[in-house]
Every structure is written in structure tokens, then in C-alpha cells.
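What's counted below: heavy atoms across the whole structure, side chains too, no hydrogens, waters or symmetry copies. The chains referred to below are lettered A, B, ... by the order of the sequence lines, with proteins before strands, and numbering in each begins at 1.
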There are 2 protein chains.
Amino acid sequence: MIFGEKLKAERMKRNWSQEVMAEKLFVSRQSVSKWENGQNYPSIEIIIKISDLFEVTIDELLRSDEELTKKVIRDSKQLAFPKLKFMFDVLIVIGLILLLLKIGVLLLDKFTALDLSLWGGKFIWNFGPLVLMIGGGIGSGVLKEKFKVE
Amino acid sequence: MIFGEKLKAERMKRNWSQEVMAEKLFVSRQSVSKWENGQNYPSIEIIIKISDLFEVTIDELLRSDEELTKKVIRDSKQLAFPKLKFMFDVLIVIGLILLLLKIGVLLLDKFTALDLSLWGGKFIWNFGPLVLMIGGGIGSGVLKEKFKVE
DNA sequence: TGGGCCCGCAACTCGTGGTTGCCATCCCGA
DNA sequence: TCGGGATGGCAACCACGAGTTGCGGGCCCA
């Protein structure tokens with residue numbers, strides 16, 4: 001039984017005896033022994049107390065590390081997803097801003113006496129925004145698709 | 001009792017009757033009724049099953065919203081922090097890139113026959129990168145300081 | 001060797017978790 | 001209106017499991 005092992009591990013991590021722990025939880029020492037050896041579970045109220053005492057979640061106490069790892073992997077994917085996607089979204093926004101700048105400059109050049117020139121030539125300004133936006137869009141879309149299976 | 005209310009809320013959220021839920025958990029309908037009315041708790045094994053069935057953590061089932069809210073606030077702060085900070089960090093990077101571009105152009109202009117001009121004039125290129133980098137740095141630093149109290 | 005600390009096994013008690021039976025209420029269709 | 005089905009609460013009952021007490025074994029140290 002998973003619970004007993006985890007209970008024992010947490011207790012020994014703190015160098016407590018079963019007696020000490022029993023006192024903290026207001027139970028007999030043998031109760032603690034039984035839990036650790038998998039003979040029975042404590043009551044719900046006591047499980048909550050243990051969770052507080054050790055500052056671990058009840059899920060961590062009751063579930064296998066396998067289950068928890070699966071959950072952590074899933075969670076970390078969801079954590080990484082917004083972050084990575086956000087970065088690609090920023091690229092899209094930058095490309096859009098550059099595109100709008102280019103259009104703005106062209107309009108001003110055409111309808112006003114201002115003689116504005118785009119730095120770097122037409123090549124960069126024609127393809128730069130496009131590359132950023134398409135690259136960002138592809139990256140963002142791929143990530144979205146990858147975690148849609150979830 | 002908190003557990004019973006949450007159990008009922010989750011069940012009704014799915015439009016299940018107590019009968020349906022009892023079937024899913026392989027217990028009698030009256031057991032479900034008792035849990036919801038706070039007469040007793042289910043066994044540990046069943047609590048784990050319920051947690052899986054509803055895709056909520058056991059902590060969420062057993063703890064008050066007050067306790068959980070305190071924890072969620074703490075977690076969401078940590079979640080929002082990297083995201084917002086990341087955005088300010090991107091601004092810093094953009095500012096740095098623009099600064100390097102400006103320096104690159106100036107060097108090429110001075111040492112080669114190329115006649116390159118910075119679009120928009122010296123004002124933007126002297127202050128633009130600076131504003132981005134300082135703004136990003138301040139934003140990033142404020143967030144860092146805000147959640148350092150944690 | 002004796003004492004203290006730590007922990008496991010067994011017997012026992014009692015409370016609680018789950019089941020069954022019954023009933024009340026509500027809603028819908030004939 | 002009546003009957004049937006669905007839903008859910010209360011009560012009685014029982015088994016089992018959670019917690020307690022008693023006992024003993026192992027280990028370590030003076």
C-alpha cells in the first residue's frame with residue numbers, strides 16, 4: 001500500500017519516532033504503526049491533519065508516484081504550452097507591427113511631401129513581416145495541435 | 001460538511017442522479033445520499049475513484065474553498081509571474097535588437113561606401129531601444145520584487 | 001546484564017460505512 | 001385526476017475496519 005510507505009518516509013525525513021508522530025496527531029503509537037504497515041487507513045479527518053503536518057497534498061499521500069508523475073507531466077505540458085505559444089504569438093505581433101509600419105511609411109511617402117525611405121531596402125521590408133507572422137503562426141499552430149490530443 | 005456539498009455540486013454539474021453515480025462507483029444509491037447529506041464519508045478507495053471520476057484532486061474534495069483559495073492564489077501568482085515577466089523580458093530583447101541594429105548601421109555607414117539611413121530619424125533610434133529596454137527592465141524587476149515576498 | 005527506545009503482532013471494542021426497506025415528493029402522460 | 005416512474009431522504013441493521021491496549025522482540029548503550 002502506497003500510503004503507508006509515504007507516511008513512513010515523511011516521518012523518517014523528519015527523524016520522528018512513531019511515538020512522536022502519534023502525539024502530534026492525538027492517536028496511539030500502534031495506530032501509526034498500523035498505517036505504515038498497511039493494515040488500515042486513518043480516518044479522513046486524520047488524513048487531512050497528516051497532510052497539513054507534512055505540508056503535502058492528500059493526493060500525494062494517497063496516490064502512487066506513477067499517477068502523480070503522469071499528472072505532473074500533463075501539468076507541466078500545459079504550463080509550457082502557454083509560455084511557448086506566447087512567444088510565437090509575440091513574433092506574430094512584431095511581424096504585424098512591422099507590416100503596419102511599412103504600410104504607414106508607404107502611404108506617407110505617397111501622399112505627403114515627406115521623403116521617407118525604408119532602411120534596409122525593399123527586400124527586408126517585404127519579407128520580414130511575412131516571415132515573422134508566418135513563422136509565428138506555424139509555431140503557434142503546431143503547439144496548439146500538439147497539445148490538443150490532451 | 002464540505003465534502004458532501006462538493007460531491008453534490010459536481011454530480012449536478014453533470015446532470016447525474018444519485019442512482020447513476022452509484023452505478024459508476026459500484027455502491028448503493030443510499031450510500032451516495034448519505035455522503036451528500038454529510039452522514040458519513042466514503043472509504044478511501046472510493047474517494048480516489050470519485051476524484052478520478054470528477055477529475056478533481058482529493059484536496060479539492062475534502063478541503064474548504066477557503067483553504068483552497070488561499071492555495072490557488074499562491075499558485076496563480078506563481079503562474080502569472082513567469083508569464084508577465086516573460087513579456088517584459090521580450091520587450092528588453094526587442095530593445096536590445098534594435099540597439100544592435102542601430103549600432104550596426106552606424107558602423108556600416110562610417111566604414112563602407114554604403115549610404116544607409118535610419119528610418120524615422122535619430123530621435124526614434126536614439127530613444128526607442130532605450131525606452132523598450134528600460135521599460136521592460138522596470139516591469140520585469142517590479143514583478144520580481146512583488147512576488148519575492150512569497 | 002539491565003534499561004530505554006523503537007516497532008510489530010494479536011485480541012478486543014465500538015463506531016462508521018454500506019446495504020436494504022420504506023416512504024414522500026415531483027413530474028409527465030393517459 | 002390518477003398512475004407510474006424518477007429522485008432522494010430517513011431508519012434499521014450488520015459487518016468490517018479503525019483505533020486502543022497488552023505483550024514481546026530487537027537494538028543500542030552504559
Side-chain angles (χ1 to χ4, degrees), chain A residues 1-68 70-71, chain B residues 1-69 71:
Chain A
M1 184 171 65
I2 289 147
F3 173 73
E5 296 161 15
K6 294 195 174 189
L7 192 62
K8 186 168 184 178
E10 287 292 329
R11 175 175 66 84
M12 299 185 82
K13 204 194 300 183
R14 290 158 178 77
N15 258 312
W16 291 344
S17 66
Q18 289 179 345
E19 187 79 54
V20 167
M21 187 159 147
E23 283 163 17
K24 289 179 186 297
L25 296 170
F26 306 102
V27 295
S28 68
R29 195 230 4 111
Q30 278 84 352
S31 292
V32 176
S33 177
K34 279 192 167 183
W35 305 334
E36 291 188 355
N37 292 302
Q39 288 178 44
N40 56 27
Y41 281 111
S43 69
I44 301 288
E45 286 87 5
I46 293 183
I47 286 189
I48 297 178
K49 269 194 200 167
I50 292 171
S51 161
D52 290 333
L53 184 64
F54 290 146
E55 292 188 335
V56 297
T57 63
I58 304 174
D59 288 89
E60 281 171 278
L61 287 174
L62 293 178
R63 291 185 187 273
S64 70
D65 285 334
E66 211 178 43
E67 282 183 281
L68 288 171
K70 200 184 299 180
K71 192 173 192 306
Chain B
M1 184 172 62
I2 289 148
F3 173 74
E5 297 162 15
K6 294 194 174 189
L7 192 61
K8 185 167 184 178
E10 287 291 329
R11 176 176 64 83
M12 299 187 81
K13 203 196 296 182
R14 292 159 176 75
N15 258 313
W16 292 345
S17 66
Q18 290 178 343
E19 187 78 54
V20 167
M21 188 159 146
E23 282 164 15
K24 288 178 187 295
L25 296 170
F26 306 101
V27 295
S28 69
R29 191 221 22 99
Q30 279 85 354
S31 293
V32 176
S33 178
K34 278 194 170 183
W35 304 335
E36 290 188 356
N37 292 302
Q39 289 178 45
N40 55 27
Y41 282 111
S43 68
I44 301 285
E45 285 88 3
I46 293 184
I47 287 189
I48 296 176
K49 270 194 198 168
I50 293 172
S51 162
D52 289 335
L53 184 63
F54 289 145
E55 292 187 335
V56 298
T57 63
I58 304 174
D59 288 87
E60 279 170 279
L61 287 174
L62 294 178
R63 291 185 188 274
S64 71
D65 286 333
E66 212 178 42
E67 283 181 280
L68 288 171
T69 301
K71 194 173 189 304

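Heavy-atom minimum distance, A:Leu53 versus A:Lys24: CD1-CD, 4.0 Å. Residues A:Ile47 and A:Leu61 share a closest heavy-atom pair of O-CD1, 4.2 Å. Smallest separation of non-hydrogen atoms from B:Phe54 and B:Arg11: CZ-N, 3.9 Å.
Spacing between atom CD of B:Gln39 and atom C1' of C:dT20 amounts to 15 Å, rounded to whole angstrom units. Distance, A:Ile47 CD1 to C:dT16 P: 15 Å, rounded to whole Å. For A:Glu19 and D:dT20, the CD to P distance is 12 Å, given to the nearest whole Å. For the pair A:Gln18 CD and C:dG4 P, the interatomic distance rounds to 20 Å; values are reported in whole Å. Protein atom OH of B:Tyr41 is 12 Å distant from nucleotide atom P of C:dT16, rounded to whole Å. For the pair B:Asn37 CG and C:dT16 P, the computed distance is 17 Å after rounding to whole Å. Whole-Å rounding puts the A:Glu23 CD to D:dT20 P distance at 13 Å. One atom, CG of B:Asn40, and another, C1' of D:dC16, lie 14 Å apart when rounded to the nearest Å.
Distance alone, capped at 3.5 Å, places no donor-acceptor pair between the B:Lys6 side chain and the B:Leu62 backbone. A:Arg29 places no side-chain N or O within donor-acceptor distance of the main-chain N or O of A:Ala22, the cut-off being under 3.5 Å. The backbone N or O of B:Phe3 lies less than 3.5 Å from no partner atom in the side chain of B:Lys8, so there is not a single donor-acceptor pair.
Residue-level contact check: B:Ser17 touches the backbone only, with heavy atoms under 4.0 Å from sugar-phosphate atoms and none from bases.
For the segment residues 25-32 of chain A, residues with any heavy atom less than 4.0 angstrom from an atom of DNA chain D are, sorted by number, A:Val27, A:Ser28, A:Gln30, A:Ser31.
Projected onto DNA chain D by closest heavy-atom contact, B:Ile44 and B:Arg11 fall at different nucleotides, the more 5' of which corresponds to B:Arg11.
For the side-chain contact (heavy atoms from CB on, under 4.5 Å) criterion with A:Asp59, the lone passing option out of B:Ile48, B:Val56, B:Thr57 is B:Thr57.
A:Ser33 has no side-chain polar atom (N or O) that falls below the 4.0 Å cut-off from OP1 or OP2 of C:dC7. An OP1 or OP2 oxygen of C:dG18 is reached within less than 4.0 angstrom by a side-chain nitrogen or oxygen of B:Trp35. Contact between the side-chain N/O atoms of A:Ser43 and the OP1/OP2 oxygens of D:dG19 is found at a separation under 4.0 Å.
Scanning atom types as modelled, one donor and one acceptor separated by under 3.5 angstrom connect the side chain of A:Lys34 and the base of D:dG19.
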